[in-house]
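In what follows, every heavy atom counts, from backbone to side chain, and hydrogens, waters and symmetry copies are set aside.
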Amino acid sequence: MAKILIIEDEKNLSRFVELELQHESYETVVENNGRRGLEIALSQNFDVILLDLMLPELNGLEVARRVRQAKTTPIIMMTARDSVIDRVSGLDHGADDYIVKPFAIEELLARIRAVLRRVEIEDTHNSPKITSREVVKFKDLVIETNNRMVRRGDKSVDLTKREYNLLMTLVDNENNVVSREQLLDKIWGPESKIETNVVEVYIRYLRNKIDVEGQPSYIKTIRGTGYVMRTDD
């Protein structure tokens, strides 16, 4: 059965979650301090990490960032902050999913199962690349898929993993509109509970990085539908 690390400073909540997970036959480790939680996350192997945002000594965003530098362990952020920016910030720092407090234990269990299924599917397919082409071009955008390098003209573009996957999905579907729901399924997985407005935030991030000031954006918004990158625009 899966081994889960709970990093949560609310001791009543962490104990409640621990008991519920143990009832579901998960093995659990609990830590109430961010810095010690990071040490445990890096020194042991876990199948899932449940991570609070506000922690003593080291906050959850920094814990997630440092874990992600060394490991691919799925991270579910547990937070009382419910703004889109806060959720996106957690995802950008390495979280795979998030759940807003207060939450029903049934929802948390469902998210854990969904994350574990996604990992199993990725392992089965050996994490295939979005495309088998070594070099992908869109106008003056050049994408080297082997090393995930992106350039526009002679300028290098530094993208996060999700920004890169979002760009590749749009380029692979050039001239075809891709809906927000399709992007959610492709980038975050079909069982993700993330809202479509998170896609809008990531589209804005991507535009800010690949667009050239004073020129039309390569990514067109189709109101009420989704997004498209057209070769003839």
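- Among residues two or more places apart in sequence or in another chain, the salt bridge (Lys or Arg N to Asp or Glu O under 4.0 Å) test is passed with R36 by E31.
- For the salt bridge (Lys or Arg N to Asp or Glu O under 4.0 Å) test, residues two or more places apart in sequence or in another chain that qualify with D140 are R152.
- In terms of the ring-ring contact (aromatic ring centres under 6.0 Å, His included) criterion, Y227 has no residue partners (sequence neighbours excluded).
- Cluster partners of V177, using a side-chain heavy-atom cutoff of under 4.5 Å among ILVMFWY residues and allowing indirect links, are I222, V228.
- One finds the NZ atom of K220 at 13.0 Å from the CD1 atom of I203 (value rounded to the nearest 0.5 Å).
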Test log, rule side chain to side chain contact (heavy atoms under 4.5 Å, CB included), inputs V199 and L184: CA-CA 7 Å; V199 175; L184 275 179; 3.6 Å; yes
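- Partners of E174 by salt bridge (Lys or Arg N to Asp or Glu O under 4.0 Å), not counting sequence neighbours: none found.
- At distances below 3.5 Å, at least one donor-acceptor pair connects side-chain atoms of E8 with backbone N or O atoms of E10.
- With sequence neighbours excluded, no residue forms a side-chain hydrogen bond (donor to acceptor under 3.5 Å, both in side chains) with N59.
- In N208, the CG atom is crowded: over 12 heavy atoms of neighbouring residues, nucleotides or ligands sit closer than 6.0 Å.
- Considering only residues two or more places apart in sequence or on other chains, R204 meets the salt bridge (Lys or Arg N to Asp or Glu O under 4.0 Å) condition with none of them.
- V136 is listed as a side-chain neighbour of M168, based on a closest heavy-atom distance under 4.5 Å.
- The main-chain N or O of I4 is never found under 3.5 Å from a side-chain atom of D47 such that the two would form a donor-acceptor pair.
- In this structure, S217 contributes its side chain and I219 its backbone to a donor-acceptor pair below 3.5 Å.
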Evaluation steps, side chain to side chain contact (heavy atoms under 4.5 Å, CB included), between I7 and I49: CA-CA 8 Å; I7 309 178; I49 298 173; 4.2 Å; yes
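- With sequence neighbours excluded, the residues satisfying side-chain hydrogen bond (donor to acceptor under 3.5 Å, both in side chains) with N175 are T231.
- For the pair V171/M229, a side-chain contact is recorded, criterion being any heavy-atom separation below 4.5 Å from C-beta on.
- E163 places a side-chain N or O within 3.5 Å of a backbone atom of T160 that can act as its donor or acceptor partner.
- Of the possible donor and acceptor atoms, one in the side chain of Q182 sits under 3.5 Å from a partner among the backbone N and O of S179.
- With sequence neighbours excluded, no residue forms a ring-ring contact (aromatic ring centres under 6.0 Å, His included) with F46.
- At distances below 3.5 Å, at least one donor-acceptor pair connects side-chain atoms of K209 with backbone N or O atoms of D158.
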Chi angles and distances behind the side-chain hydrogen bond (donor to acceptor under 3.5 Å, both in side chains) call for N176, R230: CA-CA 8 Å; N176 296 312; R230 293 195 176 105; over 6 Å; no
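- Using a 4.5 Å heavy-atom threshold, the side chains of L55 and N33 count as separate.
- Applying the salt bridge (Lys or Arg N to Asp or Glu O under 4.0 Å) definition to pairs two or more places apart or across chains, those involving residues 52-77 are R35-E57, D52-K101, E62-R65, E62-R66, R68-D96.
- Panel note: side chain R111, backbone Y98; a donor-acceptor pair is recorded below 3.5 Å.
- For residues 17-27, the pairs satisfying salt bridge (Lys or Arg N to Asp or Glu O under 4.0 Å) are R15-E18, with sequence neighbours left out.
- A donor-acceptor distance shorter than 3.5 angstrom exists from the side chain of T145 to the backbone of E134, with no hydrogens or angles considered.
- E144 and N147 share a donor-acceptor pair across their side chains, judged by distance under 3.5 Å alone.
- Applying the side-chain hydrogen bond (donor to acceptor under 3.5 Å, both in side chains) criterion to Y202, with sequence neighbours excluded, gives D92.
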Criterion side chain to side chain contact (heavy atoms under 4.5 Å, CB included) on V17 and L108, from CA distance to verdict: CA-CA 9 Å; V17 171; L108 178 61; 3.9 Å; yes
Steps toward side chain to side chain contact (heavy atoms under 4.5 Å, CB included) verdict (L61, M77): CA-CA 9 Å; L61 293 179; M77 192 78 75; 4.0 Å; yes
